Every structure is written in C-alpha cells, then in structure tokens.
2 protein chains.
Amino acid sequence: MEVLIVEDDPLHRSYLHDAVLAALPECELVLEAENGRIGEGLARQHRSAHIVMDLQMSERNGIEAARTIWKERPDTRILFWSNYADEAYVRGVSRIVPEGAAYGYVLKSASDDRLKLALRSIFMESQCVIDREVRGMQQKSLGNINGFTDVEYEILVDIALGLTDRMIARRQNLSLRSVQNRLQQLYEKLNVYQRVGEEGDEGRYNLRSRAVAVAFMRKLINYSALERAEAELNEWLGIRHN
Amino acid sequence: MEVLIVEDDPLHRSYLHDAVLAALPECELVLEAENGRIGEGLARQHRSAHIVMDLQMSERNGIEAARTIWKERPDTRILFWSNYADEAYVRGVSRIVPEGAAYGYVLKSASDDRLKLALRSIFMESQCVIDREVRGMQQKSLGNINGFTDVEYEILVDIALGLTDRMIARRQNLSLRSVQNRLQQLYEKLNVYQRVGEEGDEGRYNLRSRAVAVAFMRKLINYSALERAEAELNEWLGIRHN
DNA sequence: GCTTGTCTTGCGGGTTCCCGCAAATTTTGC
DNA sequence: GCAAAATTTGCGGGAACCCGCAAGACAAGC
C-alpha cells in the first residue's frame, strides 16, 4: 500500500507522514508533494489510490488537484485535511467528488486519534469520514434553511468576478431580467438592504458590491473559490469565440 | 528575558518554542497564546517586551492584536511570522508599526537559521528584520512604480466594503465627483477596462465589482483586511450618529 | 510675481443597475 | 390532466454609476 501526501507546510507534512505510518502499518511507501501541481504528477505517475490532500496551497490548490485526479481515476480515495471549514471549501469539495467515491474531510485542529481513525476508515474500509464541524457546515449549506441554492451561488460567483448583468445573462442562458430577479433573491438572503446611514433615502450600500463583501465575510466565497471561478470564466470565454 | 508566542497552529507553536529556546539561551520563560485575544491579555499581564506573532488567526488576527499591544507599549518588539507576503498583510503591518519600533517580518517558509537570526537581531539588538520577499512586496507597494497610494488604497477598501459613492464622499470628506475621479484612477491602475467579450460595446465588466475582484486576486486585499475595514466602518458609523 | 502641475468640484449625459408590475412559461402536486 | 406555485420574461422608470469637459483651489519651482 502507498500513500501520497500533498501539503505545502513542511511541519504539517512530516506530522502527516508520522501519522500515516502509525495508523497504517501496512503502508510501505509514503510519497510527499509540496503543492497541487507536483501532487497531480506524482499521483499520475504512481497511480496513487490513497491521497491526503491539503486545500490551501500556493501553486495549485487542493480542490483543483483533486478534480483532475478524480477525473482520471474516480476510485481514488482522498482525505482532505484543512485548517478551515469555510463554506466555500466545503461546497467546492462536494461539487467535485465523483459518484460513490470514498473521501474524507477532517480539520487540522482534530486530535491525533481522529486523524488516524479517519485514515483507516477511508483507506482501508472505503468509508466517508466528514468532521462534525464540516458536516454541520455542509447541512447548513446544502439544506434550504438559510442555505444557498446552486442557482444563487452561481450568480454570487458571477458578480464577485465582476461580470455585468448582460454578461451573466449570456453565460447562464437567461434574459437580463431573470438575472436581476436572481440578484434580488440573493440580496434578500444576504441581508444587504439595511441602510448604512439614517437620513432618509440616501446612504444605502451599493447592493452588488455589498453582497460580495458580505459573502466574503461569511466565507461563502474565498480567495481560492474566486481563483477557480476566474479560471472557469476564462475557459468559457476561450470557447465562446475560439 | 521572556518571550510570548502568539500562534494558533499547535505544530507551529511548538516549533517556534524550540526555535526561541535554541536561538536565545538567555530566555527564561516562553509564554504561548493560541489566538490574538489571549495574546493581548498575556502581553498586558506580563508586560511582554518580546513577541512572536502569527498573522492569520481566527479569534483576533495578528495585526489587530499587535496594534493594541503597541498602543499600550510602543517599545514592544514584535516578530511577525506568517505564511504569506500578501500586499494586504504587508500594508496592514506597516500601517501600525510605531515610530522607531523594532519589528520583523519573516515567512514561515524561511529556514531555521533565518528565523533564529531574526529572533536574535530583533530581540537582542533591536534591529528591524524584513524578509527579502516581504521587502520586495513592500517596495513595490509603497514605491510609486505600479504601487498604490494611500488614497487609492482607501477608496479600494471602501468599494470592497460595498459603500456607495455618496457614502464614500462623506467618509473621506470629498465631493461626489472627486470620489469618482479617484475611482477612475483606481480602475486605470487595476486594468479593468478591457472588454470581456468582443462584440462592440457590450460585454464589459462591471468596473466597480471587477476592481474588487482583481484586487482580491492580486492579494491587494484579503479576508483579514476586509474584516478590519468592516470593523472600522462600524466604528465610524457609531461615532457619526451616536 | 507668474507659471506649471496636481487635485478638487460642478455640470451634463449616456449607461447600467435595481425593481414594481403583469403576462407568459415551466414546474410541481395531486 | 389540471390547477397552484414558482420562474422567466418584457416594459418602464428612478437611482446610481461612469466619465468628458472646464472652471476653481492649492502647492511648488523659478
């Protein structure tokens, strides 16, 4: 059995290395990669079936790496090991996990035992292991209670990228007015209608920009989500007028 | 001699602990705090003069903690130890460092030796030690070449928060038109004027939102900068109509 | 003093955004 | 299959935004 570790922090990497060896005595070889790009290469080369993946990395983040890896071999087992349970990460991960794949999501703040248990469950038993905190986020996110539908999330990302209504309409195959409807919906949910001043009509927020700001502060979107979205946008633009 | 470590990651904390003991044999006591709030309390209680501070922490980030600590005792020596050299961080730090204070900024990717050297230089010799990468960022940022003036940065933060032109005008004591002038300036520098489509006039970006997006992607602003700015905004709103 | 350059302000207009209203269309529930 | 509910679309208008133009304000340099 082989395990591939993709993690940019040297301390965390060696900690993981030890944890893997301790939790999985049947493991013969531990590979290490210091970013997503190298991780992808190693995974391809060694046909890795067991991967521990950090999310926040500089070269190429964990979600992108996992996506291409899963695209090539959907039965790869991946344990995501991250500092945070941002909704942006949770949503990003659950968007790319293939049908029936075994994966896990545990926080770096978890105890040694939790980590080791997760390693065994996922790699040996092919079970999914999601940390409680992450699980909670997932339900809040995907459930309808105060959660955002995919439609709403899409449009949020589009205005965060700085697209005009007209452009969004084209991208989503909608009319201008429908885009604006969805925006209203979004503004409602993000609670951006409160006045910032108090003197009558003036002094409102700019709804569009404020929505993005609030989404950032609620960690609905974050740097890596924006980065991915920008890449997708450019791809789409490339296809549109090759 | 006492040293206070403020760092939320346990692995990094114990690594720092060892590094401090190794680099500073004259150190008798090492205190540890796991976030900015606790760090502030310990610093006040022990009148700490030597602090190693992480920037990215959940409860209260390093910049805020450092600001209040320096406000109380401006001769405190602080070594910032961070994963990234985001322009937002660099600017945030240099905005709060008091006149003539000794401080440092080294990246977590730096070698053991660099870290230990920095510890001695700052704590024993009261010298400022700024990592090369950070230094480069600082010059690019503060120098006029492709750098942003304080004025431009202020208005960038304001639109990132989602304020309207009118509100920004009030906050900065400017006319509406002047605010818009500065916005034009900003758009120019951030290069948001390129069309996204190609068919004639349509398909532009929404300049305002796009500016925020590219600022984020260039790490001119990041989550923690936004968070701080939001706090300052609320404070200002509170003062305005007590 | 005068000039020059930068910054600010007002005016005016074209464009985009935000949204109420109502009709058309699709989806859902039974 | 049909009625209710949700979504989409068009129209129209008020507000905000973006910006060219030109006149004042202010500081710096000679």
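This is a predicted model, so every value here is computed, not measured. We name chains A, B, ... by the order of the sequence lines, and we start the count at 1 in each one.
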Of all the nucleotides listed ([options]), which has the minimum atom distance to the side chain of [X]?
X       : options                  : result
N181(B) : dC18(D), dT8(C), dT16(C) : dT8(C)
R182(A) : dC18(D), dG20(D), dT8(D) : dT8(D)
Y187(A) : dT9(C), dA16(D), dC18(C) : dC18(C)
S175(B) : dG10(C), dT9(D), dT16(C) : dG10(C)
Y193(A) : dC19(C), dC19(D), dT9(C) : dC19(C)

Name the nucleic acid region contacted by [X], choosing base, sugar-phosphate or nothing; use a 4.0 angstrom heavy-atom cut-off, strictly under.
X       : answer
L183(B) : sugar-phosphate
N206(A) : sugar-phosphate
L176(B) : nothing

Open item on the list: With rounding to the nearest 0.5 angstrom, report the CD1 to CD1 distance, I96(B) to I69(B).
Closed with: 9.5 Å
- [ ] Kindly compute the distance separating CZ (R73(A)) from OG (S48(A)), expressed to the nearest 0.5 Å.
- [x]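 One gets 8.5 Å once the value is rounded to the nearest 0.5 Å.
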TODO: Quick one: which residue pairs count as a salt bridge (charged side-chain N to carboxylate O under 4.0 Å, His left out) with a foot in residues 92-110 of chain B, not counting sequence neighbours?
DONE: E7(B)-K108(B), D54(B)-K108(B), R95(B)-E232(B)
How many Å lie between [atom1] on [X] and [atom2] on [N], as a whole number?
X       : N       : atom1 : atom2 : value
L186(A) : dC19(C) : CG    : P     : 11 Å
E152(B) : dT8(C)  : CD    : P     : 11 Å
D150(A) : dT7(D)  : CG    : C1'   : 16 Å
Q172(A) : dT7(D)  : CD    : C1'   : 14 Å
N173(A) : dT9(D)  : CG    : C1'   : 14 Å
R204(B) : dC18(D) : CZ    : P     : 11 Å

Task: Most 5' of S178(A) and L207(B) on DNA chain D, judged by nearest nucleotide - done: S178(A)
Open item on the list: Please confirm whether the shortest side-chain N or O distance from T164(A) to OP1 or OP2 of dT16(C) is below 4.0 Å.
Closed with: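 For T164(A), the contact criterion (side-chain N or O under 4.0 Å from OP1 or OP2 of dT16(C)) is not met.
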Task: Charged N-O contact under 4.0 Å between E64(B) and R228(B) - done: no
Open item on the list: Which is more 5' along DNA chain C, the nucleotide nearest V151(B) or the one nearest Q184(A)? Just name the residue.
Closed with: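 With V151(B) and Q184(A) compared, the 5'-side residue is V151(B).
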Task: Base of dG20(C) paired with side chain of R177(A) (donor-acceptor, under 3.5 Å) - done: yes
TODO: Determine whether any donor atom in the side chain of Q180(B) lies under 3.5 Å from an acceptor atom in the base of dC19(D), or the reverse, and answer yes or no.
DONE: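 Check passes, donor-acceptor contact within cut-off.
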Under 3.5 Å, which donor-acceptor pairs do the side chains of residues 179-188 of chain B form with other protein atoms, sequence neighbours left out?
from: Q180(B); atom 1: NE2; to: D165(B); atom 2: OD2; distance (Å): 3.3
from: N181(B); atom 1: OD1; to: R177(B); atom 2: NH1; distance (Å): 2.9
from: Q185(B); atom 1: NE2; to: E152(B); atom 2: OE2; distance (Å): 3.0

Open item on the list: Quick check against the 3.5 Å criterion: does N61(B) have a side-chain atom that pairs as donor or acceptor with the backbone of I63(B)?
Closed with: yes
- [ ] Under 3.5 Å for both distances, Watson-Crick or G-U wobble, that's the pair rule; now give the dot-bracket for DNA chain C, with | marking pairs to another strand and [ ] for crossing ones.
- [x] ||||||||||||||||||||||||||||||
- [ ] Indicate whether any N or O donor in one side chain lies under 3.5 Å from an N or O acceptor in the other, for T164(A) and R204(B).
- [x] no
TODO: Would you verify whether the NZ or CZ of R77(A) falls within 45 degrees of the ring axis of Y103(A) while also being under 6.0 Å from that six-membered ring's centre?
DONE: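 Ring-cation test returns no.
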